[in-house]
Amino acid sequence: MMHAILLCGGSGTRLWPLSRKCYPKQFAKLMGDESLFQISAKRLTGPGFAPPIVVTGDPFRFIVTEQLAQVERTAQAILIEPEGRNTAPAILAAALYIARSDAQALMLVAPSDHVIPDCDAFAQTVQAAVPRAQAGDLVTFGITPTRAETGYGYLELAEGADASAKTPQPLARFVEKPDRAQVQGMLQAGNFLWNAGIFLFTAQTIIAAYQTHAPEMVRAVRASLDGATSDLGLTRLAPEAWGQADDISIDYAIMEKADNLAVMPFAAGWSDLGGWDAVWLESGPDAAGNVCSDNATAIDCAGTLLRSETDGLQLVGIGLDNIIAVAMGDAVLVADKSQAQRVKEAVDALKRRDASQAVQLPRDYRPWGWYESLVIGGRFQVKRIVVNPGAALSLQSHHHRSEHWIVVEGTAKVTVDETVKLISENQSVYIPLGSVHRMENPGKLPMVLIEVQTGSYFGEDDIIRYEDVYARA
């Protein structure tokens, strides 16, 4: 069985405003009705695969479990990083976890935010690389370049290697993101592939490589895994030992130093969706080169991406050429498509201004569902709250606000101090300041309510939790 390792910890700032720190691009629906993470999980499960191992951060633990459930997938393990330390510690933690039961197990390591349209071709390419991985090589996957791309790293094939081969080829070196002049020369040479950041090896082989090239990381990550705790089906790596591991990519820590490397060429299409220009390209522009979402309209435009990510918000472009426009309820991005890689600068600028839009979405996702603020005044706030079937908020109270709950869809089971009752559609309940209360959804469909808060302070830190099925502090 092959063990897929889904790396799920990036922030995706180049796809702001849809992708933000609180809900990065791997969880967003960028290419259809499923998130990139869900599409990756489906691609790397099924016959021949063990359930995947997901490596992610604490803020995303419930998003991972919910999105897996939505596509009817389960994880072998969800490893929770105490803090992001780049790909080298994350991959090592997964390898050590697998090696506990099978050191010879094959590991297919893949980011969870990439697009690979031809899943069958990818599966065949992976199978073609298996013999080399089982023989003790570290196999990396290289993508046949289709354009002069400066946003990717490259792989230089060794002399005599065939960039179009259907079997792994010898690798000469890794090349960091080159400038445009360098890229042109590399494409003319014909022996360079894009570095996809996808790897295949056995657990034993990659652990041995770490022991040779990064022995201190092995000690730190092994200690973190040995000290891990489990709750709600999650494996929380021990933070103190984890913090001793270098913050470094696997390319720098291992691959650029190893001598047992091979590269598997892949020419059937791939993108890391590293910017809105890539989203435009992968979305299939029409005859005029335009890509429009359902709530967007292009009039006399060319080469333009128009996306409205908010229901009821219509985005119209007139006479635009080579423009990216992405509109959300709280933020709008407008940029020349050639400047797409500079979106991160916009996020940095918003952070300097302490603008919440830099990292927060209007919709705040929680383990039980999500909520969004509809109106905020000096002494009141109105929210829409959606609770997943069978989910429950914590038993809690507030110091500074009272609440009115109006159910608009489904049925709520409501606890207020010693009283427990069911509230149906068009019914409401009042939660006095200081009352211990809880909201649950006992039904099989999402429950929606409108919450009206009144008081002097509405911050999420004004919550005293008494019981919580999600083990939050």
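Along the sequence shown, residues carry numbers from 1.
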Identified side chain to side chain contact (heavy atoms under 4.5 Å, CB included) counterpart of R20 within the set M328, Q360, K25: M328
Pair T45, R73: side-chain N/O donor-acceptor within cut-off below 3.5 Å: yes
Side-chain (R14) to main-chain (G274) donor-acceptor, under 3.5 angstrom: yes
Salt bridge (charged side-chain N to carboxylate O under 4.0 Å, His left out) contacts touching residues 270-284 (sequence neighbours left out): none
Output a table of donor-acceptor pairs, distance under 3.5 Å, between side-chain atoms of residues 82-98 and any protein atom two or more places apart or on a different chain; print 'none' if there are none.
from: E83; atom 1: OE1; to: R85; atom 2: NH1; distance (Å): 3.4
from: R85; atom 1: NE; to: A245; atom 2: O; distance (Å): 3.1
from: R85; atom 1: NH2; to: A245; atom 2: O; distance (Å): 2.7
from: T87; atom 1: OG1; to: I250; atom 2: N; distance (Å): 2.9

Pairs involving residues 165-181, ordered by first then second residue, that meet salt bridge (charged side-chain N to carboxylate O under 4.0 Å, His left out) (sequence neighbours left out): E156-R173
Carboxylate-amine/guanidinium proximity below 4.0 Å for K344 and D348: yes
Side-chain donor-acceptor contact under 3.5 Å, Q26 with S112: no
Output field: ring centroids Y23/Y365 closer than 6.0 Å: yes
N322-D336 side chain donor-acceptor pair, cut-off 3.5 Å: yes
Test item: V448 and I385 side chains (from C-beta on) under 4.5 Å apart, heavy atoms: no
Donor on one side chain, acceptor on other, T415 and R438, under 3.5 Å: no
No-hydrogen, no-angle side-chain donor-acceptor test under 3.5 Å, D162 and S164: yes
side-chain contact (heavy atoms from CB on, under 4.5 Å) involving I143 - partner list, sequence neighbours excluded: W194, A196, F266, W270
Min side-chain heavy-atom separation Y154-P178 under 4.5 Å: yes
S249 and D251 side chains, donor-acceptor separation under 3.5 Å: no
Residue pairs passing the side chain to side chain donor-acceptor pair (under 3.5 Å) test where at least one lies in residues 135-151, sequence neighbours excluded: R132-D137, R147-E149
side-chain contact (heavy atoms from CB on, under 4.5 Å) partners of Q204, counting only residues at least two apart: A103, Q104, T202
R100 with D226: basic N within carboxylate O range, under 4.0 Å: yes
Backbone N/O of S35 and side chain of Q38: donor-acceptor pair under 3.5 Å: yes
The single option from R384, R366, K383 passing salt bridge (Lys or Arg N to Asp or Glu O under 4.0 Å) against E372: R384
Candidate list N290, L306, V291, test side chain to side chain contact (heavy atoms under 4.5 Å, CB included), partner W280, passing option: V291
